[in-house]
Amino acid sequence: MTSHGTIPTDANRKPAPTGAGDTTISGRRLATAYTAAHLNGLDADRQVGAPGTFPFTRGVHESMYRGRFWTMRQFAGFGSAGQTNQRFHFLLHKGQTGLSVAFDMPTLMGLDSDDPRSAGEVGRLGVAIDSLDDMLDLFEGIDLANVSTSMTINAPAAILMAYYLAVAQEQGVAFEDLRGTIQNDILKEFHAQNEFVFPPVPSVGLVVDVIEYCARYVPQWNPVSISGYHIREAGSTAGQELAYTLADGFHYVQETLKRGLEVDAFAPRLSFFFNAHNEFFEEIAKYRAARRIWARHMRDRYGTKDDRSCKLRFHAQTAGCSLQAQQPQVNLIRVAYQAMAAVLGGCQSLHTNSMDETLALPSEHAATLALRTQQVLAHETGVARSADPLGGSYLVESLTNELEAEAEAIFREIGEVGGMEPAIEAGYFRARIAEASARYQREVDGGERLVVGVNAFVEEHEPPIELHRVEPHVESQQVARLERLRARRDAKQVKQSLDAIGEAARAGNNLMPILLEAAHRRVTVGEAMGAMREVFGAFRARSGW
Amino acid sequence: MRQYRIRVVLAKLGLDGHDRGIRVVARILRDAGMEVIYTGLWPTPGGVARIALEEDADVIGVSLLSGAHMTLLPKLLEAMKAEGCDDIPLILGGSIPDDDVPQLNRMGVAAVFGPGTPAQEIIQRVTDLAQTRASHEEHTGST
Amino acid sequence: MRNTPAQLDASEAMDARGAPDALARAFQRRDRRALARLISRIDEGQDAAAIFAQLPPATSPALTIGITGAAGAGKSTLIGALLRHVLDIGKRIAVLACDPSSARTGGALLGDRVRMQTDDSNSAADPPFIRSISTRPGDDSSGGVAGAAADVIELLDRFGFDVILLESIGTGQDQIAARSLCRLLVLVSSPETGDDVQWDKAGIAEWADMIVLNKADLPGTPRTAATIRAAIALNAPSHDGTAGPEFLQLSARGGEGIDRLWHTLETLAARQRPEHGRHEDAAQALARRLRARIARRIDQVLEQESAQQILRACAQGVINVEEAEDRLIALPKPDRMPLRINT
């Protein structure tokens with residue numbers, strides 16, 4: 001990497017802070033010290049309660065990590081389905097019970113490996129999946145009844161879910177026995193990550209198709225992981241991450257209710273995914289506020305009778321955007337503190353980033369250290385012994401209240417813009433996130449906020465670190481494989497399936513049954529997406545500067 | 001006062017949609033007084049070359065985080081050649097391994113910026129590239 | 001139609017980036033690079049009259065259409081759909097998009113809105129030409145278009161486009177300048193942006209040749225449509241005796257209604273005398289255009305050292321303001337804008 005020995009000599013540059021300063025990275029001003037006066041007459045029973053009881057501020061389980069630690073779920077996937085399958089077997093052999101699939105960019109965007117737009121990207125950042133054949137290879141020799149699988153996929157989620165179900169059928173595993181999570185959260189793609197294809201309304205329709213289908217037929221599956229992670233990565237504040245994510249969750253609830261399902265038939269299976277960023281106490285308060293807001297809204301707005309519908313369960317991942325290219329080993333330290341915040345905040349599963357992720361996909365060495373970070377946290381620090389150890393802290397309770405109030409204010413603002421879909425169309429979320437991101441960048445560029453190794457404590461000469469390289473052959477192999485598939489399969493059946501997808505999309509029917517049939521007929525991801533695009537159209541976002 | 005302003009076309013090449021970095025760069029260059037034409041997501045290499053030509057760009061900046069730079073950059077340079085605008089300097093930002101930089105330079109990439117490059121460094125480099133090119137044009141224009 | 005670089009020899013290719021004379025020659029061969037460069041020269045404030053003196057007039061004037069409306073109404077999507085339609089029927093089209101620039105730094109973020117809607121038109125035989133320009137300090141920004149827009153449109157016209165679309169900034173109000181620059185003005189609205197208040201005071205409804213209610217698949221369409229119809233009825237018949245603006249509901253995203261929109265625009269254009277718009281007097285349009293040019297010349301005058309001396313003298317109280325004014329007016333016109341880099 002280039003070394004950055006110089007710091008911008010901007011005339012506007014403010015003097016570098018010598019003390020802690022009073023504002024969080026999200027721009028929240030903190031008091032010098034917190035006392036009972038900051039709690040504003042907090043009703044401890046009603047607002048905080050005990051772990052495992054409503055409103056679940058202190059955690060969704062009574063004993064939290066006493067019985068079982070959080071799941072250490074590291075995301076993996078690269079190259080061809082066969083290569084990733086080997087990695088899965090290796091991980092299962094090491095005692096891991098959960099798999100987490102990372103797909104490559106073409107698959108995430110619903111493109112086949114032989115699409116010209118996929119050139120150079122096949123199998124690079126994850127595994128390439130074009131058809132059921134690839135999915136069968138991916139899970140070759142793995143009994144789907146005995147693993148929990150997490151799939152990070154959004155715009156084409158319904159298609160990949162159908163492929164997974166088709167693999168189960170081929171293995172003779174009942175849908176009732178399938179466990180796992182599919183991310184299937186398109187709203188945050190519109191707000192932040194940009195992996196959308198169709199316009200908001202039909203996109204949400206597809207998300208709800210999966211929620212509805214799983215509620216009816218795949219009861220142990222989490223059909224959506226409502227994600228704030230990417231919103232934060234795009235530069236939002238903690239409060240925006242919290243509010244936008246929950247607003248997305250409520251939107252999915254409302255849209256699923258329109259399908260005629262009882263709220264308690266699907267809400268217990270809604271899961272969440274948050275960022276674990278640097279600002280330690282604000283992050284912990286964010287998770288606590290999220291649980292309280294979700295519980296209250298589910299009970300008071302949606303009339304749940306089942307406590308499980310009120311419990312916000314979440315996966316956390318340390319903040320990729322906080323990692324720096326300079327002095328990359330320092331990232332290990334950042335990740336450790338972030339992971340501790342996630343655990344103190346009561347996460348159900350956690351991914352710790354590798355120190356080299358700003359530079360390349362994780363090397364094996366870096367990935368191992370990331371996992372070790374979690375193991376030290378679990379087995380050596382003792383932070384997991386008691387549930388919600390910071391409950392009752394003047395600072396943390398006060399921040400929890402503040403974040404809750406901020407989220408409620410943002411919900412009202414979204415309402416004023418016209419609700420979820422109009423707000424997306426108007427570029428509301430993107431503009432707000434861009435503002436927050438620009439503010440943070442100005443603070444760093446102006447030297448008001450120090451980032452170790454970047455604008456302070458810079459090393460003139462950094463030793464290089466070892467990086468992972470991707471094999472270049474996957475793309476041509478995948479393209480050839482697809483060509484053989486297209487020649488081999490029954491073209492008439494494929495056409496029938498594509499027509500049926502179009503018809504169902506036009507009629508507004510749940511697409512899952514047809515996608516499942518299409519999977520068996522070896523309809524590719526790109527073809528199924530194409531058939532839907534004919535009906536739904538494509539979406540281009542406003543930049544929202 | 002009407003005067004020459006540096007025009008920069010910024011492109012997010014490839015499929016990945018992580019545009020936080022390029023949007024920050026767009027704001028930085030705008031705040032330095034430049035006109036920034038952002039291509040939006042998912043432009044093709046041919047599309048970027050055409051935009052650069054029609055917008056009369058002084059510099060093209062490409063952001064790539066997907067690791068596909070060794071595939072997509074040659075395609076872009078080829079497209080620029082086909083459009084007849086391969087004299088426009090090309091700069092690249094994103095996760096680019098050090099090992100690839102010499103080869104990218106040989107292909108014709110004028111500068112590669114890694115993550116965390118200071119704003120001032122980017123502004124300075126873009127300004128230098130635009131000025132070098134402008135003075136070259138003044139020279140050829142007067143003959 | 002299009003000059004590929006392969007058809008140019010090395011010196012000509014160099015010309016296309018070089019001096020105005022060489023650019024003018026390349027322009028006449030319909031070299032797109034030369035067009036792009038000449039637009040920059042005009043935008044930078046170089047002498048438009050001198051540039052035009054080297055270029056033959058348009059053989060058949062383009063149909064110029066201004067597209068205006070509030071942010072979020074879907075102007076870019078509409079332009080994208082219209083552009084595809086016009087390409088499909090074999091016409092050559094250019095789009096000029098105007099964006100605001102920062103008064104403080106002069107910087108601007110341009111053009112992504114239209115661009116994103118049209119990138120699938122790359123493969124067209126005679127591809128569309130899309131260019132963004134920004135307003136500059138000193139432009140009459142209430143008009144919603146950049147000061148150089150008039151001359152750039154003229155340049156595009158002489159290049160031989162059949163249709164030129166001008167996208168205004170989109171403040172939703174005061175888009176009168178677009179009116180004077182184009183033969184037809186289309187106001188785009190949507191059920192989300194077309195609130196009643198705006199229509200009540202809207203002078204624009206009187207100026208527009210067409211009002212398009214976009215996103216007509218959204219709820220709220222009938223209510224907004226009724227409001228717009230009422231506003232049109234209130235304003236019609238207009239002062240020159242013709243009927244009020246045409247009204248059309250469509251959904252640009254789905255491509256629905258675009259052929260009807262184009263048909264209506266062609267019909268409206270055929271009804272007009274080609275040399276100027278329906279409401280705007282030709283002389284007035286000319287005055288607006290010349291005002292922008294003259295303002296640029298004044299900037300050039302003020303930049304000269306002789307002007308700076310007068311200004312300093314006035315600031316120091318050596319001469320009074322009236323005297324400074326007279327002396328500045330009397331200064332000779334500078335030959336050519338020096339190329340300057342803003343650092």
Query raised in the report: Is the distance between the ring centroids of B/W42 and A/F539 less than 6.0 Å?
Result: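 No, the ring centres sit 6.0 Å or more apart.
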Lys/Arg N to Asp/Glu carboxylate O, [X] vs [Y], below 4.0 Å:
{"X": "A/E435", "Y": "A/R432", "value": "yes"}
{"X": "B/R27", "Y": "A/D445", "value": "no"}
{"X": "A/R439", "Y": "A/E443", "value": "yes"}

Residue part contacting chain B, namely of [X], when any heavy atom lies under 4.5 Å:
{"X": "A/M109", "value": "side chain"}
{"X": "A/P106", "value": "both"}
{"X": "A/I433", "value": "neither"}
{"X": "A/E233", "value": "backbone"}
{"X": "A/A119", "value": "both"}

Query raised in the report: Which residues satisfy the side-chain hydrogen bond (donor to acceptor under 3.5 Å, both in side chains) test with B/T71, sequence neighbours excluded?
Result: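 B/T71 satisfies side-chain hydrogen bond (donor to acceptor under 3.5 Å, both in side chains) with no residue once adjacent residues are dropped.
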Query raised in the report: In chain order, what residues pass the side-chain hydrogen bond (donor to acceptor under 3.5 Å, both in side chains) check against A/D130, with sequence neighbours excluded?
Result: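 Testing A/D130 for side-chain hydrogen bond (donor to acceptor under 3.5 Å, both in side chains), a comparison that skips the adjacent residues, returns A/S113, A/Q478.
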Query raised in the report: chain A heavy atoms under 4.5 Å from B/L15: which part of the residue, side chain, backbone, both or neither?
Result: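 Both parts, backbone and side chain.
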Query raised in the report: Between A/R442, A/H230, A/Q441, A/Q193, which has the largest tally of heavy atom pairs under 4.5 Å with chain B?
Result: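 Between A/R442, A/H230, A/Q441, A/Q193, the count favours A/Q193.
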